Asker: 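Could you have a look at this structure, given as structure tokens, before my questions?
The analysis underlying the following values was restricted to heavy atoms, covering all of them including side chains, and did not include hydrogens, waters or symmetry mates. None of these values were measured; they are calculated from a predicted model.
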Amino acid sequence: MAALSGKIIQNAFLAQHRPQARHSTRYPSDFCALDTRSVHSFQERRLRLAGTSAKWLNTISTAWISSSKQAYISCNAAQGSSVVSSSAKVDFLKLQNGSDIRGVAVGGVEGEPVNLTEPVTEAIASAFAAWLLNKKKADGWRLTLGITTAGHDVLQFGLASTPAMFNSTLTEDEINHLPVDGAIMITASHLPYNRNGLKFFTSAGGLNKADIKDILERASRIYEDSSHGSTQELEQASKGEVSNVDYMSIYASDLVKAVRKSAGNKEKPLEGLHIVVDAGNGAGGFFVDKVLKPLGAITTGSQFLEPDGMFPNHIPNPEDKTAMKAITQAVADNKADLGIIFDTDVDRSAAVDSSGRELNRNRLIALMSAIVLEEHPGTTIVTDSVTSDGLTTFIENKLGGKHHRFKRGYKNVIDEAIRLNTIGEESHLAMETSGHGALKENHWLDDGAYLMVKLLNKLAAARILNPNVGSKVLTDLVEGLEEASVTVEIRLKIDQNHADLKGGSFRDYGEAVLKHLENSISKDEHLCKAPKNYEGVRVSGYGGWFLLRLSLHDPVLPLNIEAPSKDDAIKLGLAVLTAVSEFPALDITALNKFLQQ
């Protein structure tokens, strides 16, 4: 792993015990294993590591559950000068970003010193290996600075997506040494080029916040120990062999099989359909050559398929207006039947129909709900907190399902759907307005490619009955969804240095704001607090609604407003302004600006 820049070129590693293998391999532009030791054999444990990077550092070295492997790679990108040394004190817990890890990997941006350095990343990798071994209840292990001196092979997967990394912990393929026991994805999604991060997976799914905290605490201890150790001693440790496996072809072939199955095992069920893909210079370009073309689709006009962590065309984000405009334009220019857009690491997606209508946010949830409720009548659809009242009406009154609106955060939404199933309430879809969507049938993996395959399944099945049918079959499924004329999100920032905090945390201050707002609303006859709400204060009134909540990670109170008109939206905004104006540490500039437009 290491201090890696950008978020695009992804590499996967699989480690497998092979006592006799003691080879050292150098790669000109890829990851390899480094600085990992143990006093016992690995007992057939397999780990895989995936990474995204387009702008490589001069020398990339990674700590992994391989045999103390040292490989130094010369690449064509300059290494940043603002780097934390291996002996510097590092606060590992500050790298936690909910259920994954985020940090600065490349220098050059003022005020953003590099903190995801090679030694830090090596320690995190070793910590994950230690954590995984504990979870697997492996016996007879004693962990030193790293893991394994017995010689463990690493399989490099090359370009990959985040969902594929999880999927390989499930794939049964003995020839390619699958499934693996654990995986690390190196990605910071659509964040700027100098950021990077890590996502972790086992066959049980993505790790949760407590797991990440545990790993970072372990990494801190490993890092501290390594600063007193001997680099020369580490370099002399036993080495494993690094090989390559084209896992994305394995993963993509399963997607192809799913679409063919929905069309009665027809070889090219999308033949004649023109589908364009916008990968946003992320990792989703594989979908064109490995999924759509084998199914017979025409893909001319697909754009930004080559990975580039500088994102020269637009941010790869299905919520971004510029990104959605780009795929909409591509559909129009090429007279395509359907447009598909992915985020950087393909765990989110959206679509555009032949008329240019965007199928993202509430519309995409409505579309997926319609498909899932056809398959599982009456099931519960779990969403995040900012979904619309119109979506609730659509799911419950038109589709006959149940809408369970929960908290922001895709992991929160997925975990809630899993919890409901354990207590006897059937749920088959968990989805955020951001484009994260997970299905029970797909192991609750938020996979943007799989979501699009569900749409393709619907198209392919419909074309058996009518070979001329296009994306209208999808658009018709969301007919009747009520949508607000005005939709806005305003971020109210908390000044953590303001005297009004009185030494307390921004979280305590934010909770006080929410409590005061809740009390104020109860006195307004035009407003009604949501009877069931799991996050912030959600209120209906003037034909619309607003939600004020505290950000999961930042000193910010996001305010979402949806209303049938600008006047109604202003009335809702004024109700919030009246209450929050009493808190001087809260910056209400953005709210005032909206109200004065």
Asker: Test side-chain contact (heavy atoms from CB on, under 4.5 Å) on Glu358 and Thr328; report intermediate values, then the result.
Answerer: CA-CA 7 Å; Glu358 296 178 2; Thr328 301; 4.0 Å; yes
Asker: Could you tell me which non-hydrogen atom of Phe166 sits nearest to which non-hydrogen atom of Ala204, and how far apart they are?
Answerer: CE1-C, 4.3 Å
Asker: Below 4.5 Å, heavy atoms only, C-beta onward: do Leu198 and Phe200 meet side chain to side chain?
Answerer: yes
Asker: Would you call Asp320 and Lys325 a salt bridge, taking side-chain N to carboxylate O under 4.0 Å as the test?
Answerer: no
Asker: For Met248 and Ser161, work out which heavy atoms get closest and say how close.
Answerer: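 So the two residues come closest at SD-N, 3.6 Å.
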Asker: Using the six-membered ring wherever Trp is involved, compare the ring planes of Phe286 and Tyr251 and label them parallel, tilted or perpendicular (cut-offs 30° and 60°).
Answerer: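 Rings of Phe286 and Tyr251: tilted, as their planes differ by 30° to 60°.
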Asker: Any donor-acceptor pair under 3.5 Å linking the side chain of Gln303 with the backbone of Ala326?
Answerer: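 A pair under 3.5 Å: yes.
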Asker: State, with a plain yes or no, whether a side-chain heavy atom of Asn362 is found less than 4.5 Å away from one of Glu562.
Answerer: yes
Asker: How close do Ala279 and Gly284 get, counting heavy atoms only, and between which atoms?
Answerer: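 Heavy atoms only, the tightest pair is CB-C, 3.8 Å.
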Asker: Would you say Asp384 and Thr433 are linked by a side-chain donor-acceptor pair, where the criterion is simply a distance under 3.5 Å?
Answerer: yes
Asker: Decide whether Asp415 and Asn208 meet the rule of one side-chain donor and one side-chain acceptor closer than 3.5 Å.
Answerer: no
Asker: Side chains of Thr300 and His274: do they bring a donor and an acceptor to under 3.5 Å?
Answerer: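 There is such a pair (donor and acceptor under 3.5 Å, judged by atom type) between the side chains of Thr300 and His274.
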Asker: How close do Ala590 and Ile490 get, heavy atom to heavy atom, and via which atoms?
Answerer: CB-CG2, 3.6 Å
Asker: Kindly indicate, with the supporting measurements, whether the criterion side-chain hydrogen bond (donor to acceptor under 3.5 Å, both in side chains) is fulfilled by Asp278 and His314.
Answerer: CA-CA 10 Å; Asp278 185 327; His314 62 71; 2.8 Å; yes
Asker: So with a 6.0 Å cut-off around NZ of Lys407, is the heavy-atom count from everything else above 12?
Answerer: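 No - once you tally the heavy atoms of other residues, nucleotides and ligands closer than 6.0 Å, there are 12 at most.
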Asker: Output, in order, the C-alpha distance, side-chain angles, deciding distance and verdict of side-chain contact (heavy atoms from CB on, under 4.5 Å) for Arg549 and Asn560.
Answerer: CA-CA 9 Å; Arg549 61 185 176 85; Asn560 294 86; 4.2 Å; yes
Asker: Test Arg260 against Glu267 for salt bridge (Lys or Arg N to Asp or Glu O under 4.0 Å), laying out the working first.
Answerer: CA-CA 6 Å; Arg260 286 174 177 159; Glu267 182 72 12; 3.2 Å; yes
Asker: Please report the C-alpha distance between Val109 and Val104 in whole Å, then the side-chain angles of each, then the deciding distance to 0.1 Å, and finally whether the side-chain contact (heavy atoms from CB on, under 4.5 Å) criterion is met.
Answerer: CA-CA 9 Å; Val109 178; Val104 178; over 6 Å; no
Asker: Using only atom types and a distance under 3.5 Å, with no angle test, would you say the side chain of Thr187 pairs donor to acceptor with the backbone of Ser189?
Answerer: yes
Asker: Report the distance from atom CG of Leu255 to atom OH of Tyr450, rounding to the nearest 0.5 Å.
Answerer: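 Nearest 0.5 Å value for the CG-OH distance: 8.5 Å.
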Asker: Considering only NZ, NE, NH1 and NH2 on the basic side and carboxylate oxygens on the acidic side, decide whether Arg408 and Glu416 come within less than 4.0 Å.
Answerer: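 Glu416 and Arg408: not salt-bridged.
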Asker: Please report the interatomic distance OG1(Thr202) to CH2(Trp131), rounded to the nearest 0.5 Å.
Answerer: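 Atom-to-atom, Thr202:OG1 and Trp131:CH2 are 5.0 Å apart.
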Asker: So among Val382, Leu451, Ile381, Val413, which one has a side chain to side chain contact (heavy atoms under 4.5 Å, CB included) with Met431?
Answerer: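 Of Val382, Leu451, Ile381, Val413, side chain to side chain contact (heavy atoms under 4.5 Å, CB included) with Met431 is met by Leu451 alone.
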Asker: So does Lys454 pair up with Glu441, basic N to acidic O under 4.0 Å?
Answerer: yes
Asker: Given 3.5 Å as the limit, does a donor-acceptor pair link the side chain of Asn334 with the main chain of Ala330, or not?
Answerer: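 Pair found, side chain donor or acceptor close to backbone of Ala330.
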Asker: Would you say the side chains of Ser355 and Asp353 form a donor-acceptor pair under 3.5 Å?
Answerer: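 Distance-only check passes for Ser355 and Asp353.
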Asker: Count the heavy atoms of every other residue, nucleotide or ligand shown that sit under 6.0 Å from NZ of Lys268, and state whether that count exceeds 12.
Answerer: yes
Asker: A side-chain contact here means heavy atoms from C-beta on lying under 4.5 Å apart; do Ile315 and Thr322 qualify?
Answerer: no
Asker: Show, in sequence, the C-alpha distance, side-chain angles and deciding distance for Lys199 and Asp347, and conclude whether the salt bridge (Lys or Arg N to Asp or Glu O under 4.0 Å) test is met.
Answerer: CA-CA 12 Å; Lys199 293 181 180 180; Asp347 55 6; 2.9 Å; yes
Asker: Would you call the rings of Phe287 and Phe342 parallel, tilted or perpendicular, taking 30° and 60° as the class edges?
Answerer: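 Judged by the thresholds at 30° and 60°, the geometry between Phe287 and Phe342 is perpendicular.
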Asker: Indicate yes or no: does Asp211 engage Lys209 in a salt bridge with an N to O separation below 4.0 Å.
Answerer: no
Asker: Check whether Asn457 reaches the backbone of Ser262 with its side chain - one donor and one acceptor, N or O, closer than 3.5 Å.
Answerer: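 Not at all, since once roles are kept as given, no pair shorter than 3.5 Å links the two residues.
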Asker: Check whether the side chains of Lys290 and Ser249 place a donor and an acceptor atom closer than 3.5 Å, and report yes or no.
Answerer: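 Lys290 vs Ser249: donor-acceptor pair found between side chains.
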Asker: Taking all heavy atoms of Leu391 and all of Ser388, pick out the closest pair and write down the distance.
Answerer: N-OG, 3.0 Å
Asker: Is any side-chain heavy atom of Leu477 closer than 4.5 Å to one of Lys458?
Answerer: yes
Asker: Judged by atom type as modelled, is there a donor-acceptor pair below 3.5 Å linking the side chain of Ser302 to the main-chain atoms of Val277?
Answerer: yes
Asker: Tell me yes or no: between the side chains of Asn360 and Glu319, is some donor less than 3.5 Å from an acceptor?
Answerer: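 Checked: Asn360/Glu319 side chains show no N/O donor-acceptor pair below 3.5 Å.
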Asker: Say you draw a straight line from CG of Leu170 to CD of Glu172; how long is it, rounded to the nearest 0.5 Å?
Answerer: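 Answer for the CG-CD pair, Leu170 versus Glu172, is 8.5 Å.
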Asker: Which value, rounded to the nearest 0.5 Å, describes the distance between Ile250 atom CD1 and Leu178 atom CG?
Answerer: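 If I round to the nearest 0.5 Å, the distance is 5.5 Å.
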Asker: Does the pair Glu483 and Arg363 meet the rule for a salt bridge (Lys or Arg N to Asp or Glu O under 4.0 Å), with working shown?
Answerer: CA-CA 9 Å; Glu483 298 183 89; Arg363 284 182 194 162; 2.7 Å; yes
Asker: Could you label the plane-to-plane angle of the His436 and Tyr410 rings as parallel, tilted or perpendicular, counting under 30° as parallel and over 60° as perpendicular?
Answerer: parallel
Asker: Thinking salt bridges, do Asp554 and Lys493 make one under a 4.0 Å N-O criterion?
Answerer: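 Answer for the salt bridge query: no.
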Asker: Do Tyr247 and Thr171 have a side chain donor and acceptor closer than 3.5 Å?
Answerer: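 Yes, because at least one side-chain N or O of Tyr247 sits under 3.5 Å from a partner of the opposite role on Thr171.
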Asker: Donor-acceptor pair, Ser471 side chain versus Leu474 backbone, under 3.5 Å?
Answerer: no
Asker: Atom CG of Leu481 and atom CZ of Phe394: how far apart are they, to the nearest 0.5 Å?
Answerer: 6.0 Å
Asker: Using side-chain contact (heavy atoms from CB on, under 4.5 Å), reason through Ile212 and Asp100 one step at a time and then give a plain yes or no.
Answerer: CA-CA 7 Å; Ile212 298 300; Asp100 59 12; 5.5 Å; no
Asker: Check whether any side-chain heavy atom of Pro119 lies under 4.5 Å from a side-chain heavy atom of Tyr223, and answer yes or no.
Answerer: yes
Asker: Does some side-chain heavy atom of Ile298 sit less than 4.5 Å from a side-chain heavy atom of Ile275?
Answerer: no
Asker: At their closest point, which heavy atom of Leu338 faces which heavy atom of Val331, and how far apart are they?
Answerer: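 So the two residues come closest at C-CG2, 4.1 Å.
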Asker: Is the shortest heavy-atom distance from the side chain of Ile124 to the side chain of Val120 under 4.5 Å?
Answerer: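 They are in side-chain contact.
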Asker: Does either side chain, that of Asn176 or that of Asp173, offer a donor lying less than 3.5 Å from an acceptor on the other one?
Answerer: yes
Asker: Are Val372 and Ser369 packed together at the side-chain level, in the sense that at least one heavy-atom pair is separated by less than 4.5 angstrom?
Answerer: no
Asker: Is it true that Glu271 and Arg463 make a salt bridge, defined as a side-chain N closer than 4.0 Å to a carboxylate O?
Answerer: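 Salt bridge: no.
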Asker: Does any donor atom in the side chain of Thr383 or Arg405 lie under 3.5 Å from an acceptor atom in the other side chain?
Answerer: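 No, because no side-chain N or O of Thr383 sits under 3.5 Å from a partner of the opposite role on Arg405.
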Asker: Going by atom types alone, do Arg348 and Asn317 pair a side-chain donor with an acceptor below 3.5 Å?
Answerer: yes
